[in-house]
Each structure stands twice: as C-alpha cells, then as structure tokens.
Amino acid sequence: MRVAVVGATGMVGEIMLQVLAERNFPVTELIPVASEKSVGKEIEWKGKTYKVVGLQTAVDMKPEIALFSAGGETSLEWAPKFAAAGTTVIDNSSAWRMDATKKLVVPEINASVLTKEDKIIANPNCSTIQMVMALAPLHTKYDIKRIVVSTYQSITGTGVKAVRQLENEYAGIQDEMAYKYPIHRNAIPQCDSFEANGYTKEEMKLVRETQKILNDNTIAVTATAIRIPVVGGHSEAVNIQFENDFDVNEVRQILHNTPGVTVQDNLDTFTYPMPIYAQGKDDVFVGRIRRDESQPNTINMWIVADNLRKGAATNTIQIAEYLVANKLV
Ligand code: 2RA
C-alpha cells in the first residue's frame, strides 16, 4: 500500500513513521511529504532512505492513504486534492473535526461509522482522545450527564519551539524565540487561542469533540486546559456525573476490561498514572478513581496518555488499520 505521511519531518510526523514501522503497517511504498523548504531532504525508514517530496508530487503519486499532521491550513487546502485523486486522508489537525460531513474517530469507540465513502477522516484532539477512551464505556453503562475536566498538558503539544524554549530555560540560555511567558517552573492557563466565550480552542475541543465522538449532545462538558513543563504526555483530572449510580469497583473493572486502557490505581502501593511513565506507550492510563462525595452519581479520576502517540500518531494509524482490515481502502 502506498502511504503518504504529510508533515513527515514534524514532531508528530516522525512518531507516525516510528509507529508505522513498530506496527508493521502494510506499506509497499512510503511517501514522506513536507513543505517546499524540506523537499529533497532524506529520511531513513525501516533501513531504506527516502527523499521528502512536495504536496503536489505526493498527490500525483496517488497514495491509497495519506496521514496528515501538517496544520489546519495545509489540511484544508490539500486533503480535498488528495481525496479527489482517490486517496483516503486521515487528518490529525482540527480542520475537519467539526465538519458535519466528516467522521471524527477513536477506533475503539466509533470506527464502525466509517465507510468506503469517507475520503477525509478526522483524528480527534489528543486531550479528547485520552478522555473519551476512558469515558466511552462508562457512558454506555451509566449514561454521562456532565463532565468537568482540568488538563495538565505537555509542552510537546505546542510543538518543537516550546520544547526548545524549555530546554533553553533549563540551561539558562536566553531564547529570543521564546513565548510571552516562561515554561520552566510555571503553569500557563492557555492552550491555543481564546474564543469569544473566554474559553480556549483547546478547551472547546474537549466540549465539542467529546459530544461528537460519543454521539450525544446532551452531555454537558466544561474544561480548563493548562500547559505545564512536562514532556511525557497529557494528564487530566476528570469529574464525571452520571444519570445513574455506580459501584467504584465495577467502574475499575469496566476500565480494566476496556481495550487500550490500563488501570493504575492502588493507594497502598502509591500506584497511579504519571506522564513520565506514559511516554512512548499507546495505552491510556487511569487512576485515582474515587467517588465524588460532594454530589450523587459522580466520580473523579486521573487520566494520562502520551499525547504524541495515542493522542495523535497511533490513533491515526489505528484508523488506517481499521480501514485496511475492513477493506474500506
Ligand atoms: C496541544 N492538543 O496540546 C494541542 C495540539 N497538539 O497544544
């Protein structure tokens, strides 16, 4: 299968290449794609050297699948061009996620919505993916009424510039490219830009994408997204109010039985998820599971995942695996 990776030289693109190899995805021809400034650059993949090509060249090569992680503008302009050439696009940007004609997919939850006609498929936002991975089976069982989520997001979600800034701040190096605020020894209550309602786009992604993936606009969601100086992944403190009561041990068992979710929850051994240990793994880790004693039918939990893997590259490739397994490409 000819597979294009659009944004192959970026942080998520590089993880996509790594995960394609790890999972032995059936690639017969790899097409690394990047902006004009990177065309001709050589990359190594599975022992072979490939030259980066430009977008139009990649379209003309008619890959069966194109995995995009190149920003919303590139997706809006080029995903339709790939689709018109017969390519199935799986896009990691936010460009198509809330488009009513496009599917927004976490394979373990709603891959069954996919058909041969879906030529542009949206990969959800990283902080949404890890949350719905844990909440989807609980919604089925107990019917979620409201979610209050606070995220503690890795600086890798911002991109390589933020990682470089943090490293420079660690080393005491002045970084003229630095963002407005320091990252080291700080917590920044802003991920992405602000909308008119005073929430950031990141926070509103958690609201809108959760309702779309769980196919239930009655679920009330409110979010606060914070950027913190960690690199391993995103962490989330989630408070969930159900329509129905629950048993905490049954919740743990449901999560334990959920593919792609690992429960790490033992206070006697101080066992709970942490981003430094989630880094490089594809599971979503859940702990600190406990009843909210302040109101009925409500539970608290702590959800951690590598935002570059299950939050981006791996989920994208799992969608591609589903398409191949079900002969939808
Ligand atoms: C972030 N989820 O963490 C967004 C985009 N990767 O900034």
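In each ligand, atom 1 is the first atom listed, and ligand 1 is the first ligand listed.
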May I ask whether Asn307 places a heavy atom under 4.0 Å from ligand 1? no
Should the pair Asp118-Lys103 be classified as a salt bridge under the 4.0 Å nitrogen-to-oxygen rule? yes
For Glu202, is there an ion pair with Arg227 - N to carboxylate O distance below 4.0 angstrom? no
Identity of the nearest option to atom 7 (O) of ligand 1, non-hydrogen atoms only, from His234, Gln153, Lys205, Arg227: Arg227
Mind checking whether Cys126 has a heavy atom under 4.0 Å from ligand 1? yes
Please answer whether the main-chain N or O of Tyr199 pairs with a side-chain N or O of Asn197 as donor and acceptor at a distance below 3.5 Å. yes
Indicate, with yes or no, if the rings of Phe82 and Phe68 have centres closer together than 6.0 Å. yes
Ligand-side contact atoms (ligand 1) for residue partner Gly157, heavy atom cut-off under 4.0 Å: 1 (C), 3 (O), 5 (C), 6 (N), 7 (O)
